[in-house]
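Just so we're on the same page: letters track the sequence lines, and every chain starts at 1.
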2 protein chains.
Amino acid sequence: MGKATIRDVAKAAKVGIGTVSRVLNNSPKVSLATRMRVLGVIQNLDFHPNNTARLLSRKIRIHNIGVITPPFTNYYAFADRLRGVQRGLAQTPTDYELTLFSVSSLAHFDDQLALILQVRNVEGLLIIDMDLTEMQVDALRQAGIPFAGLNHFRGRSWTCIGTDNIEGGQLATEFLINLGHTRIAYVGDDFPPEYGWPTGEERCAGYKSTLRKHGIEPLDELIRLGPYDYQSAKTRTFALLDLPEPPTAIFAMSDFLALGCIAAIRQRGLRVPEDISVIGYDNLELSFHTGLTTVSQHLELSGELGIKYILSMHGGAESEPAAAPSLPPQSVIVRYTTQSISAA
Amino acid sequence: MGKATIRDVAKAAKVGIGTVSRVLNNSPKVSLATRMRVLGVIQNLDFHPNNTARLLSRKIRIHNIGVITPPFTNYYAFADRLRGVQRGLAQTPTDYELTLFSVSSLAHFDDQLALILQVRNVEGLLIIDMDLTEMQVDALRQAGIPFAGLNHFRGRSWTCIGTDNIEGGQLATEFLINLGHTRIAYVGDDFPPEYGWPTGEERCAGYKSTLRKHGIEPLDELIRLGPYDYQSAKTRTFALLDLPEPPTAIFAMSDFLALGCIAAIRQRGLRVPEDISVIGYDNLELSFHTGLTTVSQHLELSGELGIKYILSMHGGAESEPAAAPSLPPQSVIVRYTTQSISAA
DNA sequence: CGATTCTGTGGAAACGGTTCCACAAGAATC
DNA sequence: GATTCTTGTGGAACCGTTTCCACAGAATCG
């Protein structure tokens with residue numbers, strides 16, 4: 001059922017297949033009577049034309065690039081990357097389309113990837129903020145689909161376009177230390193996080209190593225890990241504020257969580273940055289508007305470079321992949337949520 | 001050229017087409033020597049398999065819904081809507097994919113639409129923040145593609161999922177008047193705006209009618225129209241502040257512009273809301289984080305209802321379109337950028 | 001009234017892959 | 001040495017449309 005073809009329709013309406021096709025395409029050369037009869041049969045049989053056959057017959061080739069997107073928390077980080085992808089695509093005069101696959105869990109990601117591999121309806125793949133297993137990488141290579149991750153993970157054998165998270169963690173921590181802070185808390189996600197990406201772990205490692213470099217021992221009570229959401233970041237910040245000796249600065253693993261921290265601090269009647277400094281990570285467009293000090297990781301640019309990389313791969317020889325594009329160095333964008341401890 | 005088929009490859013490699021297909025699909029039942037020879041020929045001829053033929057032959061049917069997105073200003077409004085679309089799709093257990101078409105100008109929009117109609121690679125269409133001409137509507141209906149606009153325009157013959165902009169304009173203005181303001185400025189886009197949507201015009205109409213209802217004559221010097229961008233909103237706000245008698249409140253046509261207004265006011269050393277109140281329109285997630293008072297227009301929900309509407313259309317009879325879903329009434333979300341004039 | 005156009009219509013061939021059956025030739029088995 | 005099994009291969013048939021050519025019958029024309 002539901003598998004009616006144009007031939008079934010033709011038979012049922014006692015016309016030729018050409019006539020059915022003409023009706024479907026609103027060709028004027030069909031008499032009204034015939035047209036009505038055919039349309040009736042189409043309704044009856046619940047016939048839906050198969051677009052694949054249509055495209056094949058018309059010799060239309062469609063090219064599209066898949067974009068795999070993580071679940072919905074921190075949507076703006078994804079949005080900033082996607083904007084870059086669209087911008088990059090618009091700058092290249094090609095007829096590629098963008099197909100969005102959204103993923104609701106790690107298992108679902110695996111399914112989606114398997115489906116994409118099987119159907120192969122995509123000539124390139126951009127994977128936002130998710131990690132790949134070696135098996136998945138092999139499968140992708142096998143299938144000859146150019147792909148890149150939009151993010152950065154250390155030591156991966158595949159192209160990741162993003163900035164180094166350990167370095168970024170060091171940068172943020174160094175910045176706070178230079179401001180005179182020594183009691184610096186870290187608010188981030190669990191290890192291993194739900195979606196298997198080591199981003200938070202790396203940023204935290206950068207935080208710890210920098211503290212040690214300056215002779216400060218990282219304290220467990222100042223490192224608050226948990227689910228990656230706004231509410232939870234608030235809760236963990238409250239816990240920090242309840243400490244006998246609260247931190248004077250917080251490094252949040254992302255701007256999204258940083259906003260949760262700030263909300264919690266203000267809710268307690270404390271001021272940012274006068275009482276506590278907060279630095280985030282991402283430099284979302286959102287963070288410009290909220291005046292958040294943060295580490296810029298060139299989200300939008302990563303999307304733009306990513307799509308261009310994919311497009312460059314597809315034209316030519318797949319044996320020698322184009323050099324992975326690299327982003328400019330990340331840096332601390334100083335705004336209004338951090339200040340020197342001596343100024344307090 | 002570039003049009004090599006599997007048969008060309010077979011001929012050139014002196015093998016059967018079945019063998020070529022087996023090489024392409026990594027079937028184990030091909031001897032190494034043959035495989036290498038075929039791969040060589042594939043490289044030589046620059047052969048790329050036609051995926052449409054593949055899908056047809058494998059009897060795989062792909063269903064996708066197109067999403068047309070406006071240019072890149074105010075990307076977060078689009079992102080909030082898109083998030084709703086993805087959420088709605090995830091809630092429905094179907095195998096639809098989402099294809100993104102981005103549009104860079106009105107002419108480009110027309111081209112894109114024509115292309116979509118011609119190729120018909122899409123079984124439903126969600127049009128974000130763009131208006132359609134009657135011709136375009138007819139063409140879409142003709143093609144039998146269910147579609148909906150994510151926004152709201154008065155008196156359109158097609159389904160628009162959004163909240164009424166005149167009402168919203170009234171709501172915002174009424175709110176400011178109730179706070180005691182009488183010198184209320186409006187900052188919005190040009191009429192007719194670049195992309196042909198009357199959103200700004202309608203909001204401004206609501207603003208004017210509400211002023212008049214309260215016996216206040218709208219003043220040209222307080223109505224500042226111009227390009228839809230952040231910088232320009234700042235410039236226009238500076239002009240308002242330079243007036244002999246500046247406004248005590250500003251109604252910005254969108255949260256995005258409102259943030260520009262606020263930035264300008266603060267840059268002059270004035271305070272929001274103590275010196276000037278600002279209300280926006282949209283209730284982006286961003287606006288929650290910036291503490292902006294605004295009119296909620298249920299952006300995310302519009303996406304969710306939109307995709308569900310499209311999906312419901314496609315299953316059943318196209319003759320009787322499902323009732324267009326309607327959003328809950330909009331309301332003013334009071335945050336921290338507005339206050340009573342007497343409190344100053 | 002026969003020749004010519006026009007209007008609808010039927011259906012074979014084509015689009016470019018996959019799949020399945022047939023089969024050759026060498027290897028393994030008895 | 002005859003039989004069976006295995007491995008690799010060739011190519012027809014098929015997927016579901018569009019398109020083009022052929023053609024019947026009605027209308028128009030000289």
To the nearest Å, how far apart are [X] [atom1] and [N] [atom2]?
{"X": "A:Lys59", "N": "C:dA13", "atom1": "NZ", "atom2": "P", "value": "16 Å"}
{"X": "A:Ile17", "N": "C:dG8", "atom1": "CD1", "atom2": "C1'", "value": "16 Å"}
{"X": "A:Arg61", "N": "C:dG16", "atom1": "CZ", "atom2": "C1'", "value": "9 Å"}

Side chain of [X] (C-beta onward), nearest among [options]:
{"X": "A:Ser57", "options": "D:dG10, C:dA14, C:dT9", "value": "C:dA14"}
{"X": "B:Thr34", "options": "D:dG8, C:dG16, C:dT9", "value": "D:dG8"}
{"X": "B:Ile6", "options": "C:dG17, C:dC20, D:dT18", "value": "C:dG17"}
{"X": "A:Thr5", "options": "D:dT9, D:dT17, C:dG16", "value": "D:dT17"}
{"X": "B:Arg7", "options": "D:dT18, C:dG16, D:dG10", "value": "C:dG16"}

- Would you check, one step at a time, whether the test side-chain contact (heavy atoms from CB on, under 4.5 Å) holds for B:Asp131 with B:Phe109? CA-CA 10 Å; B:Asp131 200 1; B:Phe109 176 55; over 6 Å; no
- Task: Applying side chain to side chain contact (heavy atoms under 4.5 Å, CB included) between B:Leu98 and each of B:Asn64, B:Ile65, B:Val122, report the one that passes.
- Result: B:Ile65
- Would you mind classifying the nucleic acid contact of B:Asn51 as base, sugar-phosphate or nothing, using non-hydrogen atoms under 4.0 angstrom? nothing
- Touch class at under 4.0 angstrom, heavy-atom based, for B:Lys29 against every strand present: base
- Message: Return whichever of B:Leu56 or B:Thr19 has its heavy-atom-nearest nucleotide of DNA chain D closer to the 5' end.
- Response: B:Thr19
- Query: Between the side-chain atoms of B:Arg35 and the base atoms of D:dG8, is any donor-acceptor pair under 3.5 Å?
  - Reply: no
- Polar side-chain atom of B:Gln136 near backbone of B:Thr133 as donor-acceptor pair, under 3.5 Å: yes
- Query: Does A:Ser31 have a side-chain nitrogen or oxygen under 4.0 Å from the phosphate oxygens OP1 or OP2 of C:dT9?
  - Reply: yes
- Reckon B:Arg22 has a side-chain N or O less than 4.0 Å from the OP1 or OP2 of D:dT9? no
- Task: Could you walk me through whether A:Asp80 and B:Tyr76 pass the side chain to side chain donor-acceptor pair (under 3.5 Å) test, one step at a time?
- Result: CA-CA 9 Å; A:Asp80 277 15; B:Tyr76 282 163; 3.0 Å; yes
